[in-house]
Enquirer: 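Handing you a structure now.
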Amino acid sequence: MDEQEIILRIKQIDDELNRRKKFNKLETYNKDRVHKKQIEFHKCDKRVRFVFGGNRSGKTECGAVEAVWFARGIHPYKQNRPNVFGWIVSVSYDVSRDVVQSKILSYIKPEWIVDIVMLSGRKGDPEYGIVDHIIIKNVFGGVSKIGFKSMEQGRERFQGASLDFVWFDEEPDKSVYDECIMRLLDKKGYVWCTMTPLKGLTWVHDEIYLNPAGRDDIWYTFMEWNDNPYLDKEEIERYEKTLSKDELESRKFGKFKANSGLVYSDFDESVHVTEPFDVPREWYDNISIDPGLHNPLSAHFYAVDYDGNIYVIAEHFEAEKDVAYHATRLMEIANRLDWQRDSKGRLSALIDSAADQKTLASSKSVSDLFYENGILVNSKVDKDMWSGIARVRQLFAERPRRIVIFNTCVNLIRELKTYRWGDGDRPNKSDDHALDELRYYVMSKPHAPEIKREETIQARYKNKLIKKISMGRYG
């Protein structure tokens with residue numbers, strides 16, 4: 001590089017520094033055009049957050065802003081901390097340099113930087129080298145440290161530190177993820193991951209997306225191209241034509257591959273699952289039970305509005321318990337909901353016809369035992385699997401939605417996400433207890449309750465308003 005080239009390069013650097021001083025990218029974030037999914041991510045207060053996003057959906061952008069907000073102590077939605085220490089973990093250092101490092105530097109004004117430590121390259125040109133860590137000023141008067149890590153380093157290189165946050169850009173190795181979680185314990189730190197699920201049904205699918213343990217500190221969302229207000233619609237259509245159906249699931253919608261094997265592939269949490277709301281008592285319809293002793297007993301409380309739309313509003317799901325225990329739990333749910341009973345205070349419910357069978361261990365059937373515990377069960381249910389699956393699939397496929405599930409029914413939601421076709425075009429008969437009793441209920445041909453003649457116009461309007469709120473059209 002000759003003298004003239006050096007002078008030109010110095011001028012370019014000075015021009016870039018002056019540009020950054022005048023323009024604060026962080027202040028303009030989500031101001032011109034609002035990316036609703038990004039805002040949803042930032043506002044979520046869960047300690048474990050995953051964004052399953054397609055390419056160019058805006059997932060990395062919100063991950064970078066979250067890190068800078070934490071480090072600067074200016075997060076608009078969370079309690080801020082002084083002297084923050086966090087890691088940003090990429091697949092490799094090359095990816096770190098080209099993606100997350102570039103994003104982070106674009107949101108940090110030069111006057112905020114106290115020091116930059118490089119693994120390679122010069123700190124005067126950090127965007128062209130590989131950064132080890134950046135020290136920036138925290139608004140509380142101290143400094144914060146953002147470290148850049150690579151999963152290629154292996155689990156051992158992630159030991160020892162005490163962290164306020166970890167951001168994984170793309171899917172982490174399980175051993176590295178577990179080690180990073182340990183780094184967050186003493187500070188009760190946050191972890192978030194922005195990833196395109198290209199590896200299939202990995203541990204992230206099984207532990208985060210399915211969340212079989214029902215952990216209430218886990219949150220996730222799907223982010224697709226159409227969520228990003230900055231993507232050109234014509235460019236989206238052009239790129240879509242180059243991808244296969246499976247590639248579209250991952251690269252456009254951020255969905256896990258192998259969804260084609262799902263029995264209820266039209267089930268969509270963003271459409272069919274909602275926060276609980278007060279359901280009018282006149283919508284209450286029935287309870288459905290799939291009995292189990294060593295296997296879980298599954299029971300749900302169902303309601304139907306005047307248009308015939310089904311609402312799954314409460315769940316009981318537990319294994320290794322006797323009928324008396326289950327009956328008590330169902331009574332407790334009924335009391336909370338003020339559920340309908342007969343003149344003797346008994347509940348009514350649908351149940352698998354197998355409940356009528358007596359076993360060698362007892363002279364009474366499960367149906368008899370439920371009756372003795374105040375629940376009148378009707379075992380005359382339609383158990384035709386093919387017809388039942390077809391009816392349920394139709395409900396999930398129709399728009400606007402015909403079935404709504406409260407997010408407290410975690411086991412039903414989990415089974416819907418995992419129920420897959422097996423060999424011979426039959427579903428795998430495992431972990432399907434909630435789905436069985438869902439079929440029994442749907443096949444009982446529920447009808448919308450008739451509106452009583454004496455009901456006023458105001459009451460009908462109120463019920464329609466409740467339905468609209470449940471569909472997310474207001475608020």
Side-chain angles (χ1 to χ4, degrees), residues 52 54 171 196-214 220 222 224 243-273 288-292 294-300 302 310 312 315 317 319 350 352-354 381-399 401-405 407 409-445:
F52 304 124
E171 182 170 356
T196 300
L198 298 174
K199 298 180 180 179
L201 307 183
T202 63
W203 74 269
V204 173
H205 172 273
D206 294 342
E207 294 189 18
I208 303 299
Y209 172 62
L210 298 182
N211 191 13
Y220 65 82
F222 287 97
E224 60 163 293
L243 299 176
S244 68
K245 182 179 179 181
D246 282 347
E247 286 178 314
L248 274 174
E249 286 293 297
S250 296
R251 296 191 179 276
K252 178 181 179 180
F253 298 105
K255 297 294 181 68
F256 289 93
K257 287 184 177 180
N259 272 0
S260 58
L262 290 174
V263 175
Y264 297 116
S265 56
D266 287 307
F267 169 71
D268 185 338
E269 281 184 275
S270 66
V271 174
H272 300 108
V273 178
S288 188
I289 301 172
D290 185 65
H294 300 297
N295 289 325
L297 177 142
S298 176
H300 288 87
Y302 295 86
I310 296 172
V312 191
E315 174 181 270
F317 191 96
L350 301 171
D352 188 334
S353 57
V381 296
D382 188 339
K383 295 181 63 174
D384 184 277
M385 179 180 291
W386 300 113
S387 299
I389 287 176
R391 285 280 303 277
V392 176
R393 282 166 61 96
Q394 181 181 1
L395 286 173
F396 284 126
E398 290 185 19
R399 296 293 185 275
R401 60 185 181 180
R402 295 294 312 281
I403 182 167
V404 181
I405 304 170
N407 62 13
C409 300
V410 294
N411 290 287
L412 174 58
I413 295 168
R414 173 180 53 79
E415 289 187 8
L416 284 164
K417 295 192 296 187
T418 58
Y419 197 44
R420 313 188 72 79
W421 295 108
D423 295 333
D425 290 331
R426 293 186 64 84
N428 290 318
K429 281 298 293 177
S430 62
D431 205 18
D432 59 355
H433 309 288
L435 298 180
D436 281 349
E437 46 99 347
L438 172 64
R439 282 193 294 107
Y440 305 154
Y441 176 76
V442 170
M443 291 299 285
S444 71
K445 298 180 177 63

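Starting from 1, each residue takes its place in the sequence as its number. Quick note: numbers below take in every heavy atom, side chains included, and nothing from hydrogens, waters or symmetry partners.
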Enquirer: Do V410 and E315 have side chains that approach each other closer than 4.5 Å (heavy atoms only, starting at C-beta)?
Expert: yes
Enquirer: May I have all residue pairs that pass salt bridge (charged side-chain N to carboxylate O under 4.0 Å, His left out) and include part of residues 431-443, sequence neighbours excluded?
Expert: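 Counting only pairs at least two positions apart or across chains, the salt bridge (charged side-chain N to carboxylate O under 4.0 Å, His left out) contacts touching residues 431-443 are R414-D431, K429-D432, K429-D436, D436-R439.
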Enquirer: With rounding to the nearest 0.5 Å, note down the distance linking CD1 in I310 to CG in L395.
Expert: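 Output value for this atom pair is 5.0 Å.
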Enquirer: Using only atom types and a distance under 3.5 Å, with no angle test, would you say the side chain of R401 pairs donor to acceptor with the backbone of V271?
Expert: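 Present.
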Enquirer: Compare every heavy atom of T418 with every heavy atom of R420, then report the nearest pair and how far apart it is.
Expert: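 Heavy-atom minimum between the residues: CG-O, 2.9 Å.
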Enquirer: Applying side chain to side chain contact (heavy atoms under 4.5 Å, CB included) to N411 and S298, what does each step give before you reach the verdict?
Expert: CA-CA 9 Å; N411 290 287; S298 176; over 6 Å; no
Enquirer: So E207 and W203, side chain to side chain contact (heavy atoms under 4.5 Å, CB included) or not? Walk me through it.
Expert: CA-CA 6 Å; E207 294 189 18; W203 74 269; 4.0 Å; yes
Enquirer: Measuring from T196:OG1 to F253:CZ, what's the distance to the nearest 0.5 Å?
Expert: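 Interatomic distance, T196 OG1 to F253 CZ, rounded to 0.5 Å: 13.5 Å.
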Enquirer: Once you round to the nearest 0.5 Å, how far does NZ of K255 lie from NE2 of H205?
Expert: 11.5 Å
Enquirer: On a heavy-atom basis, which atom in Y264 and which in V392 lie closest, and how many Å separate them?
Expert: CE2-CG1, 3.4 Å
Enquirer: Measure the spacing between CD1 of I413 and CD of E269 and express it to the nearest 0.5 Å.
Expert: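 Going from CD1 on I413 over to CD on E269, the span is 6.0 Å.
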Enquirer: Any cation-pi pair here, K417 with F267, using under 6.0 Å and within 45°?
Expert: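 No, cation not above the ring by the 6.0 Å, 45° rule.
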Enquirer: If I take atom CZ from residue F52 and atom OH from residue Y209, how far apart are they, to the nearest 0.5 angstrom?
Expert: 8.5 Å
Enquirer: Classify the ring geometry between F222 and Y220 as parallel (under 30°), tilted (30 to 60°) or perpendicular (over 60°).
Expert: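 Rings of F222 and Y220: perpendicular, as their planes differ by over 60°.
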Enquirer: Quick one: do L416 and F396 satisfy side chain to side chain contact (heavy atoms under 4.5 Å, CB included)? Show the steps, please.
Expert: CA-CA 11 Å; L416 284 164; F396 284 126; 3.7 Å; yes
Enquirer: Is the Y441 ring parallel, tilted or perpendicular to the Y302 ring (thresholds 30°, 60°)?
Expert: parallel
Enquirer: Walk me through it: do L297 and D290 pass the test side chain to side chain contact (heavy atoms under 4.5 Å, CB included)?
Expert: CA-CA 6 Å; L297 177 142; D290 185 65; over 6 Å; no
Enquirer: Kindly give the heavy-atom pair with the smallest separation between W421 and V263, and that separation in Å.
Expert: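 Minimum heavy-atom contact is NE1-CA, 3.6 Å.
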Enquirer: Measure across G254 and P197 and return the closest heavy-atom pair with its distance rounded to 0.1 Å.
Expert: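 Shortest heavy-atom contact: O-CG, 3.1 Å.
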Enquirer: Does the side chain of D352 reach to within under 4.5 Å of the side chain of K383, using non-hydrogen atoms?
Expert: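 Result yes, sub-4.5 Å side-chain heavy-atom pair found.
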Enquirer: Between CD1 of I208 and OG1 of T202, what distance do you get to the nearest 0.5 Å?
Expert: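 Output value for this atom pair is 9.5 Å.
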Enquirer: If I compare all heavy atoms of C409 with all of I405, which pair ends up nearest, and what's the gap?
Expert: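 Smallest interatomic distance, heavy atoms only, reads CB-CG2, 3.9 Å.
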Enquirer: Looking only at heavy atoms, what is the nearest atom pair of R399 and D266, with distance?
Expert: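 The answer is NH2-O, 3.9 Å.
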